[in-house]
Amino acid sequence: MLKRTNMCGSLRASHVGQTVILAGWINTYRDQGRGLIFTDLRDREGLCQVVFDLEQAAEKMVTLAKTLRREYVIAVKGTVRIRAGGSNPKLATGEIEIVAEELELLNAAEPPPILPDEAERTNEETRLKYRYIDLRRPRMQQILETRSRVTKFARDYFGGHKFLEIETPLLIKTTPEGARDFIVPARLHPGKWYALPQSPQLFKQILMVAGCDRYLQICKCMRDEDPRADRQAEFTQIDLEMSFIEREDVMSMMSGFVKGLWQELFTYDVGTIARITYADSMERFGIDRPDMRYGLETRDISAIAAKTDFAVFKDALALVKTGPDGTAATGKRGVVKAIRVPTPNEKITRKILDSYSEFAKTFKAGGVPYTKLGANGFETGVAKFCEPIRAELIAALGLEVGDIVLFAADHYDIATKTLGELRQKVARDLQIIPEGEWNFVWVVDFPMFDWDGEGKRWVALHHPFTSPNPDQFDVFASDPGACLSAGYDLVLNGSEIAGGSIRIHNMNVQETVFKLIGLTEADAKMKFGFLLDALRHGAPPHGGIAFGLDRLVMHIVGTDNIRDVIAFPKTQSGIDLMTDAPGPVDPEQLVETHVRSTVPDTATSSTTR
RNA sequence: GGGGUGGUAGCUCAAUUGGUUAGAGUACCGGCUUGUCACGCCGGUGGUUGCGGGUUCGAUUCCCGUCCGCCUCGCCA
């Protein structure tokens, strides 16, 4: 076999005169007639034109070259020379070509169902089925390489800060709370089950108790929940934990990582990463992962709205979600919130404004009343209700003539979320989201708990191992709803790329949290006994964070599709179209693992796909 | 579990109100072509219109069911 000496994409004019051996796939094939054939040979690093010329080479080779087709795998020996027919500026190697002297057909290929050239506009279903061809595309190769550079940088950076890479088990005990677990039957223990980890959370905490001091793992996490464009049941985290630290220590270590990574990949200075409290973020952006690249902030105008006769406002303000003592006093009242939309351009048409109500309904809101401020007062939509509070609205929202005001009036949660989502939609419609800007922000001071009115219990906002902030220990048991946690999220352009917290290292505090979220002492002992035991045996103060690697890479390579950054992703229904997993198992495997399906035999149904 | 949207040649798409033999580009096959680079020119093969049922003289088109892709709500501590 001809042994490769160079990569296709690496050849330049400086190589002219050298005899090289290339190996790769036939990207394109241009037969100019008897004795002159061009092919573009492709490997991981790019394309290189190879010319078979009867005047320069044996007829036998040119005859073989005539049989070449797209995606055939060949090795070719030849001399690098400046292109006789002029250079091709579209190719990095466009100045040169290889004159073939020896050709070896390593493998023929069937006509490919998709061509790497055209995969960009090919149905994703087909791309996923023939993933090995899809991955041959330069774009996909570039993404895989970038992903590799990110994980290498993480290992270098954290390794340099004395983090140890330690593996944790994949077959673990099921955890209550949180996402739905994937479960695995335990053959040696009839009727018992392992769960696949949603994250190594408890193990990394135990590693801190074990004195490992600083932990790093780039690990798969599995959550059996419905996927989204930026979410997959099986995903990867850069998982980290540190001992003898406070919130500031973790945040500065992680800021350093992000700064270094952006320096490495983009030669870009991230600068000082801003901070915002959860409360501010919800108030101003209606979401806990604010995109601060543009304005359109939301304002609570409940006090002003109360002065109108508008039934939608009045009804919303009368809504009450009762609190833990069953009264309105501790609960959340309905609100009226508004966004000022300046319209320097005419992107927001009447039709679009009306579509916002439909959009709002997906978040269970009634609709989106709106009005426009004209030279002589409010003009359209709910203008007549807004007129009496004109001066106050103008002052509260900083309105100018020509502005549109969008309202959401509902339960606090619904109104806030609706306007938070609407804000992002409006920004897209107005096309005011700046391209190429990296807006990092730390979100801090999350509430410890949220009151679940239906379950009549407190729910941990982050997870139940998150510590209250140091100044919150006296309020946390007496007034859980007011307690702020030592959690922190890192947000990039409105997307959460990392989340973590200082953990509870005191057994009593941990037991209190379990009690608050409705775990009985017996339950806590059965489900988290090992953690409570560990906390009893000398747990250092510790905390950590986990970066969502997939999402991080999505931002870096500029895609909004998580499947683009995963070599072998699954579809929205959790199917791997290449391997056709999940699939049936041999009945014997079920017997061995003591499992019997409750699904009726569906062999008769037509399930061709 | 809910909502939206899509499925026609290997691939990307078209097909009028339900009407004759379901078309085009590309890929593929054959021929021609000595400087192309999305090479070009000529010819050709290629279809269970996702699957199943129904309405109809007649269904890619209308109806019902179902499978699959994508987006999304719920969910994702």
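- Note that A:Lys220 lies outside the cation-pi zone of A:Phe235, set by a 6.0 Å cut-off to the ring centre and a 45° limit from the axis.
- The two residues A:Asn6 and A:Leu22 have their closest heavy-atom pair at O-CD2, 3.3 Å.
- Non-hydrogen atoms lying under 4.0 Å from RNA chain B are contributed by A:Arg223, A:Glu225, A:Asp226, A:Arg228, A:Ala229, A:Arg231, all within residues 217-237 of chain A.
- Nucleic acid contact class of A:Gln201 (heavy atoms, under 4.0 Å, all strands): base.
- One P atom belongs to B:G4, the other to B:C42, and the distance between them is 48 Å to the nearest Å.
- Pairing for B:U21 is absent, with no Watson-Crick or G-U wobble pair whose two atom distances lie under 3.5 Å.
- Minimum heavy-atom separation, A:Val209 to A:Ala539: CG2-CB, 3.7 Å.
- For B:A15, there is no paired nucleotide, since no Watson-Crick or G-U wobble pair has both relevant distances below 3.5 Å.
- Taking a pair to require two hydrogen-bonding distances under 3.5 Å in either a Watson-Crick or a G-U wobble arrangement, B:C37 remains unpaired.
- The separation between A:Glu421 atom CD and B:U72 atom C1' is 11 Å, rounded to whole Å.
- Regarding A:Lys129, its NZ atom lies at a distance of 11 Å from the P atom of B:G10, rounded to whole Å.
- Straight-line distance from the CD1 atom of A:Ile114 to the C1' atom of B:A27: 13 Å, rounded to whole Å.
- A gap of 23 Å separates the C1' atoms of B:A22 and B:C29, to the nearest Å.
- When distances run from any side-chain atom of A:Phe363 to the nucleotides B:C28, B:C68, B:C73, the shortest one goes to B:C73.
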Contact state string [nucleotides 31-37 of chain B, B base, S sugar-phosphate only, - no protein heavy atom under 4.0 Å]: --BBBBB
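- Judged by the 6.0 Å and 45° rule, A:Arg69 forms a cation-pi pair with A:Tyr29.
- Note on ring orientation: taking the six-membered ring where Trp is involved, the planes of A:Tyr130 and A:Tyr132 are perpendicular (angle over 60°, cut-offs 30° and 60°).
- When ring centroids are compared, A:Phe446 and A:Tyr488 stay outside the 6.0 Å threshold.
- Nucleic acid contact class of A:Ser199 (heavy atoms, under 4.0 Å, all strands): base.
- One can place CG of A:Asn123 at 13 Å from C1' of B:U5, the figure rounded to the nearest angstrom.
- Across all their heavy atoms, A:Met448 and A:Ser485 have their closest contact at SD-CB, 3.4 Å.
- Residue A:Asp580 contributes atom CG, which lies 15 Å from atom P of B:C67 at whole-angstrom precision.
- Mapping A:Ser573 and A:Lys417 onto RNA chain B via the closest heavy atom, the residue that lands nearer the 5' end is A:Ser573.
- The gap from the P atom of B:G6 to that of B:C63 amounts to 13 Å, rounded to the nearest Å.
- Of all the heavy atoms in A:Ile96 and A:Ala13, the pair that sits closest is CG2-CA, 3.7 Å.
- Summarising the geometry of A:Ala23 relative to A:Asp43, their closest heavy-atom pair is O-CB, 3.8 Å, with the distance given to 0.1 Å.
- B:U5 is paired with B:G69 under the criterion used here, namely a Watson-Crick or G-U wobble arrangement in which both key atom distances are under 3.5 Å.
- Within 4.0 Å of A:Ile37, counting heavy atoms only, lies no atom of the nucleic acid at all.
- B:C71 atom P lies 10 Å from atom CD1 of A:Ile562, rounded to whole Å.
- For the residue pair A:Thr28/A:Asp40, the side-chain donor-acceptor check at 3.5 Å is satisfied.
- Using N1 to N3 plus N6-O4 or O6-N4 for Watson-Crick, or N1-O2 and O6-N3 for G-U wobble, each under 3.5 Å, B:C29 pairs with B:G43.
- Base pairing of B:A59 is not made with any nucleotide, judged by Watson-Crick or G-U wobble geometry with both donor-acceptor distances under 3.5 Å.
- In terms of modelled atom types and a separation under 3.5 Å, the side chain of A:Arg423 and the main chain of A:Asp291 share a donor-acceptor contact.
- Separation of the C1' atoms belonging to B:A15 and B:G19 is 13 Å when rounded to the nearest angstrom.
- For the C1' atom pair drawn from B:A27 and B:G47, the interatomic distance equals 16 Å after rounding to whole Å.
- Here B:G69 is the nucleotide among B:C29, B:G69, B:C28 with the atom lying nearest to any side-chain atom of A:Leu577.
- As rounded to the nearest Å, B:C68 and B:C32 have C1' atoms that lie 44 Å from one another.
- Between the CZ atom of A:Arg70 and the C1' atom of B:U26 there is a distance of 9 Å, given to the nearest Å.
- Here, B:G18 and B:C71 have their C1' atoms 32 Å apart, quoted to the whole Å.
- Put simply, A:Thr362 has no side-chain N or O that comes within less than 4.0 Å of OP1 or OP2 on B:G3.
- Residue A:Glu125 contributes atom CD, which lies 19 Å from atom P of B:U5 at whole-angstrom precision.
- The C1' atoms of B:G58 and B:U17 are separated by 15 Å, rounded to the nearest whole Å.
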